[in-house]
There are 2 protein chains.
Amino acid sequence: MQQAKYHSIRDEIRDLIADLQVGDALPPERSLASELGVSRMTLRRAIDELAREGLIVRRQGAGTYVAEPKVSQSLAATSFSQDMRERGMVPTSRTLSLEQLQAGPQLGRRLEISPSERIVRIVRLRLADAAPMAIETLYVPLDLIGPLEPRDLEDGSFYDLLAQKGVVIDHGVQSIEPTVTDEGESEVLDVPLRSPAFLFERATWDADGRAVEFVRSVYRGDRYRLTTELY
Amino acid sequence: MQQAKYHSIRDEIRDLIADLQVGDALPPERSLASELGVSRMTLRRAIDELAREGLIVRRQGAGTYVAEPKVSQSLAATSFSQDMRERGMVPTSRTLSLEQLQAGPQLGRRLEISPSERIVRIVRLRLADAAPMAIETLYVPLDLIGPLEPRDLEDGSFYDLLAQKGVVIDHGVQSIEPTVTDEGESEVLDVPLRSPAFLFERATWDADGRAVEFVRSVYRGDRYRLTTELY
DNA sequence: TGCATGATGTGGTCTATACCTCTAGTGTGT
DNA sequence: ACACACTAGAGGTATAGACCACATCATGCA
(Lines give C-alpha, C1' and ligand atoms only; values in the text may rest on other atoms or scores of the structure.)
Protein backbone atom coordinates (compact mmCIF):
# COMPACT_ATOMS: atom_id res chain seq x y z
CA MET A 1 0.00 0.00 0.00
CA GLN A 2 1.44 3.30 -1.06
CA GLN A 3 -0.22 5.34 1.63
CA ALA A 4 -1.93 4.19 4.78
CA LYS A 5 -5.68 4.13 4.43
CA TYR A 6 -6.14 6.06 7.64
CA HIS A 7 -4.10 8.87 6.15
CA SER A 8 -6.37 9.30 3.19
CA ILE A 9 -9.40 8.90 5.42
CA ARG A 10 -7.98 11.59 7.67
CA ASP A 11 -7.68 13.90 4.69
CA GLU A 12 -11.23 13.15 3.63
CA ILE A 13 -12.44 14.08 7.09
CA ARG A 14 -10.41 17.27 6.86
CA ASP A 15 -12.32 18.17 3.72
CA LEU A 16 -15.53 17.31 5.47
CA ILE A 17 -14.65 19.58 8.37
CA ALA A 18 -13.91 22.41 5.97
CA ASP A 19 -17.61 22.51 5.06
CA LEU A 20 -18.72 22.71 8.69
CA GLN A 21 -18.85 25.53 11.19
CA VAL A 22 -16.94 25.59 14.44
CA GLY A 23 -18.95 23.66 17.00
CA ASP A 24 -20.83 21.56 14.45
CA ALA A 25 -21.00 17.83 15.09
CA LEU A 26 -19.40 15.32 12.76
CA PRO A 27 -21.45 12.27 11.74
CA PRO A 28 -21.31 9.41 14.26
CA GLU A 29 -18.29 7.19 13.89
CA ARG A 30 -20.29 4.15 12.84
CA SER A 31 -22.08 5.99 10.05
CA LEU A 32 -18.96 7.77 8.88
CA ALA A 33 -17.03 4.51 8.79
CA SER A 34 -19.54 2.78 6.55
CA GLU A 35 -19.91 5.87 4.37
CA LEU A 36 -16.19 6.01 3.79
CA GLY A 37 -15.95 2.24 3.40
CA VAL A 38 -13.59 1.50 6.26
CA SER A 39 -13.86 -0.21 9.59
CA ARG A 40 -14.63 1.84 12.64
CA MET A 41 -11.17 1.16 14.07
CA THR A 42 -9.51 2.60 11.01
CA LEU A 43 -11.78 5.59 11.06
CA ARG A 44 -10.98 6.14 14.73
CA ARG A 45 -7.29 6.10 13.97
CA ALA A 46 -7.80 8.90 11.49
CA ILE A 47 -9.95 10.83 13.94
CA ASP A 48 -7.35 10.28 16.66
CA GLU A 49 -4.83 12.24 14.66
CA LEU A 50 -7.21 15.07 13.96
CA ALA A 51 -8.12 15.25 17.62
CA ARG A 52 -4.45 15.38 18.58
CA GLU A 53 -3.95 18.19 16.11
CA GLY A 54 -6.76 20.03 17.82
CA LEU A 55 -9.00 20.21 14.76
CA ILE A 56 -11.83 18.39 16.47
CA VAL A 57 -12.96 17.64 19.99
CA ARG A 58 -14.56 14.39 21.10
CA ARG A 59 -17.05 14.16 23.92
CA GLN A 60 -17.91 10.68 25.07
CA GLY A 61 -21.58 9.95 24.88
CA ALA A 62 -22.26 13.13 22.96
CA GLY A 63 -20.38 13.37 19.71
CA THR A 64 -17.40 14.75 17.85
CA TYR A 65 -17.26 18.46 17.15
CA VAL A 66 -15.32 20.85 14.99
CA ALA A 67 -12.81 22.88 16.98
CA GLU A 68 -11.01 26.09 16.20
CA PRO A 69 -9.39 25.80 12.77
CA LYS A 70 -5.70 26.57 13.16
CA VAL A 71 -2.44 25.13 12.07
CA SER A 72 -0.39 23.91 14.98
CA GLN A 73 3.29 23.45 15.31
CA SER A 74 4.54 21.10 17.93
CA LEU A 75 7.23 22.61 20.09
CA ALA A 76 9.59 19.77 19.34
CA ALA A 77 12.33 20.86 17.01
CA THR A 78 11.57 19.71 13.50
CA SER A 79 12.23 21.30 10.18
CA PHE A 80 9.60 23.34 8.44
CA SER A 81 9.23 20.72 5.73
CA GLN A 82 8.74 17.86 8.13
CA ASP A 83 6.37 19.86 10.25
CA MET A 84 4.10 20.72 7.37
CA ARG A 85 4.10 17.18 6.05
CA GLU A 86 3.03 15.85 9.41
CA ARG A 87 0.01 18.08 9.13
CA GLY A 88 -0.84 16.84 5.68
CA MET A 89 0.23 20.02 3.94
CA VAL A 90 2.68 20.32 1.09
CA PRO A 91 5.74 22.38 2.01
CA THR A 92 7.47 24.39 -0.67
CA SER A 93 10.00 27.12 -0.69
CA ARG A 94 11.02 30.13 -2.73
CA THR A 95 14.49 31.52 -2.40
CA LEU A 96 14.32 35.31 -2.16
CA SER A 97 18.03 35.97 -1.91
CA LEU A 98 21.34 34.20 -1.52
CA GLU A 99 24.61 35.99 -0.83
CA GLN A 100 27.93 35.85 0.96
CA LEU A 101 28.99 38.23 3.71
CA GLN A 102 31.12 38.50 6.83
CA ALA A 103 29.62 37.30 10.07
CA GLY A 104 30.02 40.61 11.89
CA PRO A 105 29.97 41.12 15.65
CA GLN A 106 26.34 40.22 16.43
CA LEU A 107 26.15 37.06 14.38
CA GLY A 108 29.63 36.14 15.53
CA ARG A 109 28.47 36.28 19.10
CA ARG A 110 25.35 34.23 18.48
CA LEU A 111 27.19 31.49 16.66
CA GLU A 112 30.34 31.75 18.76
CA ILE A 113 32.55 32.25 15.70
CA SER A 114 34.96 34.90 14.52
CA PRO A 115 33.29 38.10 13.23
CA SER A 116 35.42 37.88 10.11
CA GLU A 117 34.22 34.42 9.13
CA ARG A 118 32.55 34.16 5.73
CA ILE A 119 28.84 33.45 5.91
CA VAL A 120 26.18 32.47 3.40
CA ARG A 121 22.90 34.27 3.97
CA ILE A 122 19.80 32.75 2.45
CA VAL A 123 16.37 34.30 2.66
CA ARG A 124 13.52 31.96 1.84
CA LEU A 125 9.77 32.25 1.73
CA ARG A 126 8.26 29.07 3.13
CA LEU A 127 4.86 28.02 1.85
CA ALA A 128 2.36 25.41 2.97
CA ASP A 129 -0.13 24.29 0.35
CA ALA A 130 1.15 27.16 -1.74
CA ALA A 131 0.18 29.77 0.86
CA PRO A 132 2.91 31.91 2.46
CA MET A 133 3.59 30.75 5.99
CA ALA A 134 6.94 32.10 7.08
CA ILE A 135 10.03 34.03 6.08
CA GLU A 136 13.23 32.30 7.01
CA THR A 137 16.65 33.94 7.06
CA LEU A 138 19.42 31.41 7.29
CA TYR A 139 23.07 32.09 8.12
CA VAL A 140 25.55 29.28 7.47
CA PRO A 141 29.36 29.37 7.63
CA LEU A 142 30.73 29.16 4.09
CA ASP A 143 33.42 26.61 4.91
CA LEU A 144 30.81 24.25 6.28
CA ILE A 145 28.42 24.13 3.38
CA GLY A 146 30.43 25.54 0.47
CA PRO A 147 29.04 27.76 -2.29
CA LEU A 148 25.36 27.24 -2.91
CA GLU A 149 23.01 27.78 -5.80
CA PRO A 150 19.33 28.60 -5.34
CA ARG A 151 18.41 25.30 -6.98
CA ASP A 152 20.21 23.42 -4.22
CA LEU A 153 17.34 24.48 -2.00
CA GLU A 154 14.54 23.77 -4.39
CA ASP A 155 13.37 20.51 -2.90
CA GLY A 156 12.85 22.27 0.39
CA SER A 157 14.80 20.51 3.05
CA PHE A 158 17.97 22.27 4.04
CA TYR A 159 18.73 19.52 6.52
CA ASP A 160 18.87 16.90 3.76
CA LEU A 161 21.48 19.09 2.13
CA LEU A 162 23.44 19.28 5.36
CA ALA A 163 23.24 15.54 5.80
CA GLN A 164 24.61 15.03 2.28
CA LYS A 165 27.61 17.13 3.24
CA GLY A 166 28.08 15.01 6.33
CA VAL A 167 27.00 17.73 8.74
CA VAL A 168 24.99 16.47 11.70
CA ILE A 169 23.38 18.85 14.16
CA ASP A 170 24.19 18.00 17.74
CA HIS A 171 22.62 20.72 19.85
CA GLY A 172 21.22 24.19 19.77
CA VAL A 173 19.15 26.88 21.42
CA GLN A 174 15.95 28.41 20.21
CA SER A 175 14.04 31.43 21.37
CA ILE A 176 10.52 32.49 20.53
CA GLU A 177 9.01 35.93 20.89
CA PRO A 178 5.88 37.66 19.70
CA THR A 179 6.32 40.41 17.16
CA VAL A 180 4.43 42.24 14.45
CA THR A 181 5.19 42.24 10.74
CA ASP A 182 6.90 45.19 9.13
CA GLU A 183 6.19 46.50 5.62
CA GLY A 184 8.40 44.03 3.77
CA GLU A 185 7.26 41.02 5.77
CA SER A 186 3.61 41.94 5.42
CA GLU A 187 3.93 42.16 1.66
CA VAL A 188 5.75 38.86 1.24
CA LEU A 189 3.54 37.01 3.71
CA ASP A 190 0.40 38.62 2.34
CA VAL A 191 -0.91 39.85 5.68
CA PRO A 192 -1.84 43.36 6.88
CA LEU A 193 0.88 45.62 8.23
CA ARG A 194 1.73 44.99 11.88
CA SER A 195 -0.04 41.63 12.08
CA PRO A 196 0.88 39.45 15.06
CA ALA A 197 3.64 37.00 14.25
CA PHE A 198 6.13 34.66 15.88
CA LEU A 199 9.80 35.44 15.73
CA PHE A 200 11.93 32.30 16.03
CA GLU A 201 15.68 32.47 16.44
CA ARG A 202 17.68 29.29 16.44
CA ALA A 203 21.41 28.61 16.61
CA THR A 204 22.77 25.08 16.21
CA TRP A 205 26.15 23.35 16.40
CA ASP A 206 27.55 20.00 15.41
CA ALA A 207 29.21 17.47 17.73
CA ASP A 208 32.61 19.15 17.29
CA GLY A 209 31.21 22.45 18.44
CA ARG A 210 31.31 24.02 14.99
CA ALA A 211 28.52 26.49 14.30
CA VAL A 212 26.09 25.03 11.78
CA GLU A 213 23.44 27.69 11.35
CA PHE A 214 21.68 30.69 12.74
CA VAL A 215 18.07 30.97 11.64
CA ARG A 216 15.67 33.84 12.10
CA SER A 217 12.10 33.00 11.08
CA VAL A 218 8.97 35.10 11.07
CA TYR A 219 5.79 33.00 11.12
CA ARG A 220 2.31 34.28 10.36
CA GLY A 221 0.38 34.45 13.61
CA ASP A 222 -2.98 33.92 11.96
CA ARG A 223 -2.05 30.52 10.57
CA TYR A 224 0.43 29.32 13.15
CA ARG A 225 -0.05 28.12 16.65
CA LEU A 226 2.30 26.31 18.98
CA THR A 227 0.80 23.47 20.95
CA THR A 228 2.11 21.23 23.67
CA GLU A 229 0.57 18.27 25.36
CA LEU A 230 1.18 18.16 29.08
CA TYR A 231 1.41 15.08 31.25
CA MET B 1 -13.36 -0.18 34.07
CA GLN B 2 -11.70 2.27 36.42
CA GLN B 3 -8.65 2.82 34.31
CA ALA B 4 -8.02 1.85 30.75
CA LYS B 5 -5.98 -1.30 30.46
CA TYR B 6 -3.59 0.32 28.02
CA HIS B 7 -2.78 2.90 30.65
CA SER B 8 -1.63 0.36 33.18
CA ILE B 9 0.18 -1.56 30.48
CA ARG B 10 1.90 1.65 29.46
CA ASP B 11 3.07 2.14 33.03
CA GLU B 12 4.34 -1.43 33.20
CA ILE B 13 6.37 -0.84 30.07
CA ARG B 14 7.72 2.36 31.59
CA ASP B 15 9.04 0.32 34.51
CA LEU B 16 10.48 -2.16 32.08
CA ILE B 17 12.27 0.61 30.20
CA ALA B 18 13.75 1.92 33.43
CA ASP B 19 15.80 -1.27 33.72
CA LEU B 20 17.20 -0.96 30.20
CA GLN B 21 19.97 1.11 28.67
CA VAL B 22 19.52 3.64 25.89
CA GLY B 23 19.50 1.76 22.61
CA ASP B 24 18.42 -1.55 24.08
CA ALA B 25 15.61 -3.35 22.31
CA LEU B 26 12.29 -4.07 23.97
CA PRO B 27 10.84 -7.56 23.61
CA PRO B 28 8.90 -8.09 20.38
CA GLU B 29 5.31 -6.89 20.53
CA ARG B 30 3.85 -10.37 20.19
CA SER B 31 5.89 -11.76 23.08
CA LEU B 32 5.31 -8.74 25.27
CA ALA B 33 1.59 -8.85 24.63
CA SER B 34 1.26 -12.45 25.74
CA GLU B 35 3.57 -11.88 28.71
CA LEU B 36 1.43 -9.00 29.91
CA GLY B 37 -1.75 -10.83 29.10
CA VAL B 38 -3.23 -8.40 26.60
CA SER B 39 -3.88 -8.43 22.89
CA ARG B 40 -1.26 -7.05 20.60
CA MET B 41 -3.52 -4.16 19.61
CA THR B 42 -3.87 -3.06 23.20
CA LEU B 43 -0.15 -3.36 23.73
CA ARG B 44 0.46 -1.28 20.64
CA ARG B 45 -1.82 1.42 21.95
CA ALA B 46 0.30 1.63 25.09
CA ILE B 47 3.50 1.66 23.05
CA ASP B 48 2.04 4.33 20.77
CA GLU B 49 1.82 6.71 23.70
CA LEU B 50 5.35 6.02 24.85
CA ALA B 51 6.62 6.56 21.32
CA ARG B 52 4.76 9.87 21.13
CA GLU B 53 6.33 10.90 24.41
CA GLY B 54 9.70 10.11 22.88
CA LEU B 55 10.66 7.44 25.39
CA ILE B 56 11.08 4.79 22.74
CA VAL B 57 11.74 4.59 19.04
CA ARG B 58 10.18 2.03 16.71
CA ARG B 59 11.88 0.80 13.58
CA GLN B 60 9.78 -1.25 11.24
CA GLY B 61 11.24 -4.63 10.55
CA ALA B 62 13.85 -4.24 13.27
CA GLY B 63 12.39 -3.64 16.68
CA THR B 64 11.53 -1.15 19.38
CA TYR B 65 14.34 0.59 21.19
CA VAL B 66 14.85 2.77 24.24
CA ALA B 67 15.34 6.35 23.08
CA GLU B 68 17.65 9.11 24.19
CA PRO B 69 16.56 10.79 27.42
CA LYS B 70 14.05 13.58 27.02
CA VAL B 71 14.91 17.12 26.08
CA SER B 72 13.45 20.56 25.52
CA GLN B 73 11.07 20.36 28.39
CA SER B 74 11.68 23.97 29.27
CA LEU B 75 8.55 24.96 27.41
CA ALA B 76 6.47 22.53 29.42
CA ALA B 77 3.81 24.00 31.59
CA THR B 78 4.83 25.29 34.93
CA SER B 79 2.90 27.77 36.99
CA PHE B 80 3.56 31.47 36.67
CA SER B 81 5.00 31.57 40.17
CA GLN B 82 7.43 28.74 39.53
CA ASP B 83 8.34 30.06 36.10
CA MET B 84 9.23 33.49 37.47
CA ARG B 85 11.21 32.06 40.36
CA GLU B 86 13.26 30.02 37.92
CA ARG B 87 14.00 33.23 36.06
CA GLY B 88 15.20 34.80 39.29
CA MET B 89 12.28 37.14 39.88
CA VAL B 90 9.74 37.49 42.66
CA PRO B 91 6.21 36.61 41.56
CA THR B 92 3.20 38.37 43.01
CA SER B 93 -0.42 38.64 42.04
CA ARG B 94 -3.37 41.05 42.19
CA THR B 95 -6.91 39.76 41.76
CA LEU B 96 -8.82 42.02 39.38
CA SER B 97 -12.15 40.20 39.44
CA LEU B 98 -13.80 37.05 40.68
CA GLU B 99 -17.27 35.92 39.64
CA GLN B 100 -19.51 32.98 38.81
CA LEU B 101 -21.04 32.30 35.42
CA GLN B 102 -22.21 29.53 33.10
CA ALA B 103 -19.61 27.83 30.96
CA GLY B 104 -21.32 28.64 27.67
CA PRO B 105 -20.70 26.89 24.36
CA GLN B 106 -17.11 27.94 23.68
CA LEU B 107 -15.72 27.22 27.11
CA GLY B 108 -17.78 24.05 27.27
CA ARG B 109 -16.10 22.83 24.13
CA ARG B 110 -12.61 23.68 25.29
CA LEU B 111 -13.03 21.91 28.61
CA GLU B 112 -15.25 19.17 27.19
CA ILE B 113 -17.98 19.90 29.74
CA SER B 114 -21.65 20.84 29.56
CA PRO B 115 -22.30 24.45 28.50
CA SER B 116 -24.63 24.85 31.48
CA GLU B 117 -22.00 23.99 34.08
CA ARG B 118 -21.28 26.65 36.70
CA ILE B 119 -17.85 28.22 36.40
CA VAL B 120 -15.74 30.51 38.53
CA ARG B 121 -13.91 33.13 36.53
CA ILE B 122 -10.89 34.79 38.07
CA VAL B 123 -8.89 37.56 36.44
CA ARG B 124 -5.50 38.21 37.92
CA LEU B 125 -2.65 40.56 37.15
CA ARG B 126 0.62 38.71 37.52
CA LEU B 127 3.69 40.69 38.46
CA ALA B 128 7.38 39.85 38.47
CA ASP B 129 9.59 41.99 40.69
CA ALA B 130 6.53 44.22 41.14
CA ALA B 131 6.30 44.96 37.40
CA PRO B 132 3.24 43.82 35.43
CA MET B 133 4.05 40.76 33.38
CA ALA B 134 0.82 39.06 32.39
CA ILE B 135 -2.94 39.05 32.69
CA GLU B 136 -4.36 35.68 33.54
CA THR B 137 -8.00 34.69 33.17
CA LEU B 138 -8.81 31.46 34.93
CA TYR B 139 -11.95 29.37 34.48
CA VAL B 140 -12.61 26.60 37.02
CA PRO B 141 -15.73 24.45 37.46
CA LEU B 142 -17.54 25.54 40.61
CA ASP B 143 -18.19 22.02 41.88
CA LEU B 144 -14.50 21.25 41.69
CA ILE B 145 -13.16 24.14 43.70
CA GLY B 146 -16.20 25.56 45.52
CA PRO B 147 -16.84 29.24 46.24
CA LEU B 148 -13.69 31.33 46.44
CA GLU B 149 -12.69 34.59 48.06
CA PRO B 150 -10.03 36.88 46.59
CA ARG B 151 -7.88 36.30 49.65
CA ASP B 152 -7.75 32.58 48.83
CA LEU B 153 -5.48 33.57 45.96
CA GLU B 154 -3.32 36.00 47.82
CA ASP B 155 -0.32 33.79 48.31
CA GLY B 156 -0.12 33.36 44.57
CA SER B 157 -0.17 29.68 43.79
CA PHE B 158 -3.49 28.46 42.53
CA TYR B 159 -2.11 24.96 42.25
CA ASP B 160 -1.43 24.76 45.97
CA LEU B 161 -5.08 25.58 46.46
CA LEU B 162 -6.08 22.82 44.06
CA ALA B 163 -3.83 20.36 45.84
CA GLN B 164 -5.48 21.23 49.16
CA LYS B 165 -8.83 20.31 47.68
CA GLY B 166 -7.40 17.01 46.51
CA VAL B 167 -7.40 17.96 42.85
CA VAL B 168 -4.43 16.64 40.91
CA ILE B 169 -3.81 17.62 37.32
CA ASP B 170 -3.17 14.65 35.09
CA HIS B 171 -2.86 16.02 31.58
CA GLY B 172 -3.64 18.98 29.42
CA VAL B 173 -3.02 20.87 26.24
CA GLN B 174 -1.52 24.27 25.81
CA SER B 175 -1.39 26.53 22.83
CA ILE B 176 0.63 29.64 22.25
CA GLU B 177 0.02 32.33 19.67
CA PRO B 178 1.27 35.81 19.01
CA THR B 179 -1.13 38.68 19.52
CA VAL B 180 -1.16 42.39 20.29
CA THR B 181 -2.56 44.07 23.37
CA ASP B 182 -5.91 45.85 23.30
CA GLU B 183 -6.79 49.01 25.23
CA GLY B 184 -7.58 47.34 28.54
CA GLU B 185 -4.59 45.03 28.43
CA SER B 186 -2.24 47.83 27.49
CA GLU B 187 -3.37 49.92 30.43
CA VAL B 188 -3.12 47.14 32.99
CA LEU B 189 0.19 45.85 31.66
CA ASP B 190 1.56 49.39 31.23
CA VAL B 191 2.63 48.97 27.61
CA PRO B 192 1.70 50.91 24.47
CA LEU B 193 -1.47 49.96 22.62
CA ARG B 194 -1.05 47.03 20.23
CA SER B 195 2.26 45.89 21.66
CA PRO B 196 3.36 42.36 20.69
CA ALA B 197 2.34 39.79 23.28
CA PHE B 198 1.98 36.06 23.80
CA LEU B 199 -1.44 34.54 24.19
CA PHE B 200 -1.33 31.30 26.15
CA GLU B 201 -4.34 29.04 26.40
CA ARG B 202 -4.22 25.99 28.59
CA ALA B 203 -6.83 23.38 29.44
CA THR B 204 -6.14 20.68 32.00
CA TRP B 205 -7.92 17.62 33.35
CA ASP B 206 -7.51 15.28 36.30
CA ALA B 207 -6.99 11.52 36.12
CA ASP B 208 -10.75 10.89 36.01
CA GLY B 209 -11.08 13.13 32.98
CA ARG B 210 -12.79 15.94 34.88
CA ALA B 211 -12.01 19.43 33.61
CA VAL B 212 -9.82 21.27 36.10
CA GLU B 213 -9.19 24.63 34.48
CA PHE B 214 -9.03 26.69 31.37
CA VAL B 215 -6.52 29.50 31.49
CA ARG B 216 -6.04 32.33 29.06
CA SER B 217 -2.96 34.44 29.70
CA VAL B 218 -1.59 37.47 27.90
CA TYR B 219 2.15 37.97 28.45
CA ARG B 220 4.09 41.12 27.65
CA GLY B 221 6.23 40.43 24.61
CA ASP B 222 8.89 42.94 25.59
CA ARG B 223 9.70 41.22 28.87
CA TYR B 224 8.85 37.60 28.24
CA ARG B 225 10.56 35.21 25.89
CA LEU B 226 10.44 31.45 25.45
CA THR B 227 13.65 29.53 25.06
CA THR B 228 14.34 25.91 24.33
CA GLU B 229 17.52 23.94 24.26
CA LEU B 230 17.75 21.32 21.55
CA TYR B 231 19.78 18.15 21.55
C1' DT C 1 -45.36 21.54 36.49
C1' DG C 2 -41.45 19.28 37.80
C1' DC C 3 -38.53 15.55 38.46
C1' DA C 4 -36.93 10.75 38.14
C1' DT C 5 -35.98 7.08 34.97
C1' DG C 6 -35.08 4.45 31.28
C1' DA C 7 -34.13 4.06 26.21
C1' DT C 8 -31.16 5.28 22.73
C1' DG C 9 -27.19 6.53 20.61
C1' DT C 10 -22.62 8.34 21.13
C1' DG C 11 -17.64 7.80 21.81
C1' DG C 12 -14.13 4.43 24.48
C1' DT C 13 -11.90 -0.01 25.06
C1' DC C 14 -10.48 -4.60 23.98
C1' DT C 15 -10.01 -8.87 21.48
C1' DA C 16 -8.60 -12.19 17.78
C1' DT C 17 -7.09 -12.53 13.33
C1' DA C 18 -5.07 -11.66 8.89
C1' DC C 19 -1.97 -9.86 5.90
C1' DC C 20 1.58 -6.25 4.48
C1' DT C 21 6.20 -4.06 4.57
C1' DC C 22 10.65 -3.72 5.99
C1' DT C 23 15.12 -5.25 8.33
C1' DA C 24 18.79 -8.03 9.20
C1' DG C 25 20.92 -12.17 9.16
C1' DT C 26 21.88 -16.59 6.71
C1' DG C 27 23.46 -19.16 3.25
C1' DT C 28 24.71 -20.10 -1.40
C1' DG C 29 26.88 -19.46 -5.65
C1' DT C 30 30.36 -17.15 -7.99
C1' DA D 1 36.11 -13.01 -0.39
C1' DC D 2 32.28 -11.07 -2.23
C1' DA D 3 27.60 -10.36 -3.97
C1' DC D 4 23.25 -11.72 -4.09
C1' DA D 5 18.78 -14.09 -2.97
C1' DC D 6 16.17 -15.88 0.45
C1' DT D 7 13.82 -15.99 4.76
C1' DA D 8 12.43 -15.50 9.60
C1' DG D 9 10.80 -12.21 12.36
C1' DA D 10 10.04 -7.52 13.53
C1' DG D 11 6.75 -3.58 13.33
C1' DG D 12 2.51 -1.50 10.41
C1' DT D 13 -2.21 -1.67 8.83
C1' DA D 14 -6.84 -3.21 8.62
C1' DT D 15 -10.99 -5.85 9.78
C1' DA D 16 -15.29 -7.41 12.44
C1' DG D 17 -17.31 -7.84 16.52
C1' DA D 18 -18.32 -7.28 21.34
C1' DC D 19 -19.07 -4.76 25.26
C1' DC D 20 -18.49 -0.48 28.38
C1' DA D 21 -19.25 4.41 29.94
C1' DC D 22 -21.48 8.39 29.27
C1' DA D 23 -24.79 12.17 27.52
C1' DT D 24 -29.08 13.33 25.99
C1' DC D 25 -33.80 13.24 25.48
C1' DA D 26 -38.41 11.38 25.71
C1' DT D 27 -41.49 9.38 28.73
C1' DG D 28 -44.30 8.86 32.54
C1' DC D 29 -45.17 9.39 37.31
C1' DA D 30 -45.99 12.39 41.30
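Throughout, protein chains are lettered first and strands after them, A, B, ... in sequence-line order, and every chain is numbered starting at 1.
For the pair His7(A) NE2 and dC20(C) P, the computed distance is 20 Å after rounding to whole Å. Atom CG in Asp48(B) sits roughly 14 Å away from atom C1' in dC14(C) (whole-Å rounding). Across the protein-nucleic acid pair, Ile13(B) atom CD1 and dG11(D) atom P stand 11 Å apart, rounded to whole Å. Summarising the geometry, the separation between CZ on Arg10(B) and C1' on dC14(C) is reported as 17 Å, rounded to the nearest angstrom. Atom CZ of Arg45(A) is separated from atom C1' of dT13(D) by 7 Å (rounded to the nearest Å). Atoms CE (Met41(B)) and P (dC19(C)) sit 16 Å apart, rounded to a whole Å. Distance CG (Leu43(A)) to C1' (dG11(C)): 11 Å, rounded to an integer number of Å. Rounded to an integer number of Å, the gap from CZ of Arg44(B) to P of dT13(D) is 7 Å.
The shortest distance between side-chain heavy atoms of Asp48(A) and Arg58(A) falls below 4.5 Å. Within the 4.5 Å cutoff, the side chain of Arg10(A) has no heavy atoms near those of the Arg45(A) side chain.
Looking at every heavy atom in both residues, Leu189(A) comes nearest to Pro132(A) through O-CB, 3.8 Å.
The side chain of Arg58(B) sits closest to dG11(D) out of dG11(D), dT13(D), dT15(D).
The shortest distance between the side-chain N/O atoms of Tyr6(A) and the OP1/OP2 oxygens of dA14(D) is not below 4.0 Å. At dT15(D), one or more side-chain N or O atoms of Lys5(A) fall inside 4.0 Å of OP1 or OP2 (strictly under the cut-off). At dA16(C), none of the side-chain N or O atoms of Ser39(B) fall inside 4.0 Å of OP1 or OP2 (strictly under the cut-off).
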I'd like a table of atom pairs between the protein and nucleotides 6-10 of chain C - only N or O on both sides, under 3.5 Å - with the distance next to each one.
unit_1, atom_1, unit_2, atom_2, d
dG9(C), N2, Gly61(A), O, 3.1
dT10(C), O2, Gly61(A), N, 3.3

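Within 6.0 Å of the CD atom in Gln21(A), the count of heavy atoms belonging to other residues, nucleotides or ligands does not exceed 12. By the 6.0 Å contact criterion, CZ on Arg94(B) is open, its count of non-hydrogen atoms from other residues, nucleotides or ligands being 12 or less.
The residue Arg40(A) sits close to a base: some heavy atom pair falls under 4.0 Å.
When each of Phe80(B), Tyr219(B), Phe214(B) is paired with Phe200(B), the ring pair (Phe, Tyr, Trp, His ring centres under 6.0 Å) condition holds for Tyr219(B) and for no other. Exactly one residue among Val123(A), Val218(A), Val215(A) makes a side chain to side chain contact (heavy atoms under 4.5 Å, CB included) with Thr137(A). That residue is Val123(A).
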